[in-house]
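These notes concern the structure reproduced below.
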Amino acid sequence: MGAFDNFSFGDEKEKGGVEVVPANQVDNVDFGEGFVAENRDDLQRRLGNREIQLLAIGGTIGTALFVSIGGGLNKAGPGGLFLAYTIYSIMLGMVNNGIAEMTTHMPVSGGFIRLAGTWVDDAFGFMAGWNFFIYEALLIPFEITALCTVLNFWRDDIPAGAVIAVAILCYGVLNILAVKLYGEAEFWLSGGKVILIFLLFSFTFVTMCGGNPQNDAFGFRNWEKPGAFAEYLSTGSIGRFEGFLGALWSASFTVTGPEYISMVAAEAKRPRVYIKNAFKTAYWRFGIFFVVGSLAVGIILPYNDPTLVEILGGEGTGGGTAAASPYVIAMQNMGISGLPHLVNALLVTSIFSAGNTYTYCATRSLYGLAIEGRAPKFLRTCTKSGVPWACFCVVMVFPCLSFLQLGNGSATVLEWLIGLVTAGGVINYIVMCVTFIFYYNACKAQGFDRKALSYYGRFQPYCAYFGLVFELLVITFYGYSAFRPWDVSTFFIYYAMVIVNPILYLGWKLIKKTKIVSPVEADLRWEAPVIDAYEATFVDKPLGFWEEMLQLCGIKRRKGGNDQRMASISA
């Protein structure tokens, strides 16, 4: 049974002989014959355009962009960092090009995970789902631990246990009550990230032009001295190339985004419009947040800054806090005293928002696995408001791992756990590229017109092949430092998920005896009729992002609310 709207028609309007239900009554409609379901499962479509756009930003911008990027700067220098982040952003744009077309055509629960299982191989979907779930679930305690550490920027006597408990409680409230509440909360939290990133860009531009206490217009001085490219592990040209690779591995952890849009697609009000818009603006996000962000970091701080080197080497104080941020180090070097506190405050909201997004995505990925029979059936249970509460309960076990930091050496253990699943992010993109290649071949074999879809990915399948080869090279070589010299523990930290995923795939394939889907047998219609019928029930034009933003200020509000729908398509 799908997610049904339940209304009593007390206040109905007539438009062309069709009964229209005001959008602000969308939780209480009782449809009769001709009812159109929102999904083939129990998730409900409650996320508007502005929530989805900010959710996409919330999944894209993490603490790595503000703090961890300093490690890439130290290894590669400003030129190597900028080059690495630019190349990785371009390659991820190619991945985005494929997943955007597939998700807009088929915005189903579980996102790219279920697409992989349906169009490639059920065992492939099983592997992709559990990889993404483990990756997201273990990132939640990581963010909570980071939250505790960042709060220590102000004072070190804040009880970590209380912070952990409050964070878990907040994640629970925001994720269990209703998806609309989660979307609204993430909209405002992600807004804090946007403010932070543009604040730091403005700080970079003003100070490089001389707007600092020393009145020093330093410009691109750090590119000249100590230089644009740093040496890492080796010396000379090889060392500078290895520095570039170090920054590329940093980019592979920092530059993200398409997977989070795919995961919210089943709960978007108008997926063929709003999800398409979110994917289209992803290219701008890659360019502004990551490419410009890497450029800004290399401008304000030299790669051999003593404070940065000490913190990265574990000798200085503030590692993992705002004090480890290249921006904050630069502010302190310039003698700017108040701004670091504002940056830390916004960093708190950024970290909390990231943990909130990971909680949501882990829950939905587990639900997607359950829907396809790749996880226990009891996990399919949802609340009346469309929240998969059974999956949520399982996910909320993982944040409790953050209590490990209360013991000696627990933070090290937690970082080790996160290191184990870092490759999971790259594997997600490999899955997306492989899925698109199968989908493309199926479209070609069945004469399916891709150009008729809401989103048409150009330059395909070349983008998918380029993205696949590139990501395979990244995941193959990103842990090569474990061989210089050979270190068993470092090897398993880097390559654990690379080893586990083939085991998951082969294990499920042997148990279930699954087969690779042939192009002529792939179900390209699948849930499309349900989604097409749902989209056809809307009677007003979709709202743009800035229109919704104006409505927050009371401008251009629509009577009856946005996204009004017909009571039934047979009316």
Side-chain angles (χ1 to χ4, degrees), residues 53-54 56-96 190-212 217-224 228-230 243-244 246-258 260-261 278-303 305 308 322 325-331 334 339 342-343 346-347 350 353-354 545:
Q53 289 288 351
L54 268 295
I57 292 174
T60 299
I61 303 177
T63 54
L65 184 60
F66 306 119
V67 179
S68 304
I69 195 172
L73 174 65
N74 176 252
K75 292 181 178 70
L81 183 74
F82 177 70
L83 186 61
Y85 272 68
T86 300
I87 291 174
Y88 198 87
S89 295
I90 292 172
M91 289 299 170
L92 197 56
M94 293 184 181
V95 177
N96 184 80
S190 297
K193 292 184 179 184
V194 176
I195 293 172
L196 176 58
I197 192 71
F198 282 106
L199 172 67
L200 295 176
F201 287 169
S202 300
F203 161 78
T204 301
F205 180 74
V206 171
T207 55
M208 72 181 291
C209 293
N212 54 70
F218 54 86
F220 286 84
R221 183 185 301 157
N222 291 325
W223 283 61
E224 298 175 2
F229 294 90
F244 162 76
L248 191 64
W249 313 150
S250 169
S252 70
F253 178 74
T254 306
V255 184
T256 59
Y260 299 107
I261 305 175
F279 275 117
K280 289 177 71 174
T281 56
Y283 304 107
W284 292 101
R285 287 193 295 273
F286 293 152
I288 294 174
F289 297 146
F290 300 117
V291 176
V292 177
S294 63
L295 178 64
V297 168
I299 290 173
I300 61 171
L301 197 70
Y303 67 79
D305 180 86
L308 179 65
S325 169
Y327 295 102
V328 173
I329 295 173
M331 292 171 190
M334 296 176 195
L339 197 55
L342 176 60
V343 170
L346 292 172
L347 199 55
S350 175
S353 169
F545 174 77

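In this text the structure is predicted, and so the values were computed from the model without any measurement.
For the pair Lys75 and Trp249, the minimum side-chain heavy-atom distance is 4.5 Å or more. You'll find the side chain of Tyr327 stays beyond 4.5 Å of the side chain of Leu339, heavy atoms only. At least one side-chain heavy atom of Thr207 sits less than 4.5 Å from a side-chain heavy atom of Phe218. A 4.5 Å side-chain heavy-atom check between Asn222 and Ile299 finds every atom pair outside the cut-off. Side-chain atoms of Leu65 and Lys193, non-hydrogen and from C-beta on, never get closer than 4.5 Å to each other. Counting heavy atoms from C-beta outward, Leu73 and Pro78 have side chains that approach closer than 4.5 Å. Looking at heavy atoms from C-beta onward, Leu342 lies in side-chain contact with Leu199 at the 4.5 angstrom threshold. In this structure, the side chains of Phe203 and Phe198 stay at 4.5 Å or more apart for every pair of heavy atoms.
Counting only distance, with no hydrogens or angles, the side chain of Asn96 and the backbone of Phe279 share a donor-acceptor pair below 3.5 Å. Checked by atom type and distance alone, the side chain of Arg221 never pairs as donor or acceptor with a backbone atom of Met208 at under 3.5 Å. Checked by atom type and distance alone, the side chain of Ser350 never pairs as donor or acceptor with a backbone atom of Leu346 at under 3.5 Å.
Rounding to the nearest 0.5 Å places CZ of Phe82 at 10.5 Å from CD1 of Ile87. Taken to the nearest 0.5 Å, the CG atom of Leu83 stands 5.0 Å off from the CZ atom of Phe244. Here the straight-line distance linking atom CG of Leu200 with atom CG of Leu196 works out to 4.5 Å at 0.5 Å rounding. To the nearest 0.5 Å, atoms CG (Leu92) and CZ (Arg285) are separated by 11.0 Å. Note that CD1 of Ile69 and CG of Asn74 are 12.5 Å apart. Values are rounded to the nearest 0.5 Å. Put simply, CG on Leu248 and CZ on Phe253 are 14.5 Å apart, with the number rounded to the nearest 0.5 Å.
Contact record, Ala247 with Ala76: CB-CB, 3.5 Å, taken as the closest heavy-atom pair. Listed here is the closest heavy atom pair of Leu308 and Gly70: CD2-O, 3.8 Å. Across Pro326 and Ile300, no two heavy atoms sit closer than the pair O-CD1, 3.9 Å. Here the closest heavy-atom approach between residue Phe286 and residue Pro258 is recorded as CZ-CD, 4.0 Å. The nearest pair of heavy atoms linking Thr254 to Phe290 is O-CE2, 3.5 Å.
By the side-chain hydrogen bond (donor to acceptor under 3.5 Å, both in side chains) test, Asp305 pairs with Asn333, sequence neighbours left out.
A donor-acceptor pair shorter than 3.5 Å can be found between the side chains of Tyr85 and Ser250.
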Test side chain to side chain contact (heavy atoms under 4.5 Å, CB included) on Leu295 and Phe201 and set out the steps.
CA-CA 10 Å; Leu295 178 64; Phe201 287 169; over 6 Å; no
